[in-house]
Amino acid sequence: MRCVRFLAIALPLALSSGARADTVDIDFDFGDSTMSFLGTVNIPPGGTIHSMGAITTLPAIKTAGGMTSVQTGVAELKDLTLNMTVRTGSPLAALVTGTVIVQQVGTSTGPFTNTRTVMFGGTPTGTETSPGMSLFISAHLNCFGLFCAGLGDFPISIVGTQPPPPGQAFSLFLGH
């Protein structure tokens, strides 16, 4: 997933004695994003992301005057959804096509740093809190062409809940 940019996430704040802990929910639409698998399958150009979104809860401070500032700390990712069409390869060699629908199961947490990067999923290291993120995946892929036999048995159908592979995670960059 490519970097996602969000305008004006850090709001100006003059801290006062009335400051209190709070959170900020940001609803992301990843409709213009790209995805890459194993460094060879790219969606797009090989396919289409019809819809992809998520809600991120970030730590914040709210003052008595109502101003809010996003802070470093533990962030949460919830309600991640994805609907895409895969089309990659060449009809003369091997052309993989199909649809993939993904829905997050549960909530994933991760560290949000002052570099405006937050990492979700994967395996925690050090003080990070990142228990992993399970996804409900529904996929049906076909293969056409001379070399499909070398890729495996098709059609491939996947339906069920999948945890991320150990050590795998993805990061969001929040900037302006």
Side-chain angles (χ1 to χ4, degrees), residues 1-7 9 25-58 75-113 115-125 128-175:
M1 192 178 312
R2 78 167 185 194
C3 293
V4 177
R5 302 197 181 275
F6 183 81
L7 296 177
I9 189 173
D25 279 0
I26 300 177
D27 193 347
F28 286 99
D29 177 2
F30 298 102
D32 293 328
S33 296
T34 61
M35 299 188 74
S36 178
F37 303 96
L38 305 176
T40 57
V41 179
N42 296 301
I43 312 295
T48 303
I49 296 176
H50 304 292
S51 63
M52 182 163 55
I55 296 176
T56 302
T57 301
L58 299 171
E76 294 183 346
L77 180 71
K78 51 194 173 184
D79 300 328
L80 174 67
T81 58
L82 167 64
N83 184 337
M84 71 177 180
T85 301
V86 175
R87 181 178 174 85
T88 184
S90 165
L92 298 177
L95 177 64
V96 178
T97 65
T99 58
V100 178
I101 299 172
V102 175
Q103 179 178 353
Q104 183 178 352
V105 179
T107 299
S108 183
T109 61
F112 178 66
T113 69
T115 61
R116 298 184 182 167
T117 299
V118 59
M119 180 180 292
F120 297 105
T123 303
T125 58
E128 297 172 343
T129 57
S130 186
M133 176 173 52
S134 294
L135 301 171
F136 176 80
I137 300 174
S138 176
H140 184 81
L141 300 176
N142 293 286
C143 185
F144 308 93
L146 298 175
F147 299 101
C148 287
L151 298 177
D153 295 328
F154 284 86
I156 296 174
S157 294
I158 302 171
V159 176
T161 303
Q162 305 288 328
Q168 298 297 309
F170 71 91
S171 300
L172 297 179
F173 175 74
L174 311 175

Trainee: Report yes if the side chains of Thr99 and Ile101 come closer than 4.5 Å at any heavy-atom pair, otherwise no.
Mentor: no

Trainee: List the residues meeting side chain to side chain donor-acceptor pair (under 3.5 Å) with Thr85, not counting sequence neighbours, and say none if there are none.
Mentor: His50

Trainee: With sequence neighbours excluded, what pairs up with Ser51 under the side chain to side chain contact (heavy atoms under 4.5 Å, CB included) test?
Mentor: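 Expected list: Asn83.
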
Trainee: Testing the basics here: between Leu58 and Ala75, what is the closest heavy-atom pair and its distance to 0.1 Å?
Mentor: CD2-CB, 3.5 Å

Trainee: Please list every donor-acceptor pair under 3.5 Å in which a side-chain atom of residues 136-159 meets a protein atom from a residue at least two apart or in another chain.
Mentor:
residue : atom : partner : partner atom : Å
His140  : ND1  : Ser157  : OG           : 2.9

Trainee: Closest approach of Glu76 and Thr109, non-hydrogen atoms and distance?
Mentor: CG-CG2, 3.8 Å

Trainee: Among Thr81, Leu77, Asp79, which one satisfies side-chain contact (heavy atoms from CB on, under 4.5 Å) with Gln104?
Mentor: Leu77

Trainee: Identify, with sequence neighbours excluded, every residue that meets side chain to side chain donor-acceptor pair (under 3.5 Å) alongside Thr57.
Mentor: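 Applying side chain to side chain donor-acceptor pair (under 3.5 Å) to Thr57 gives Asp25, Lys78.
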
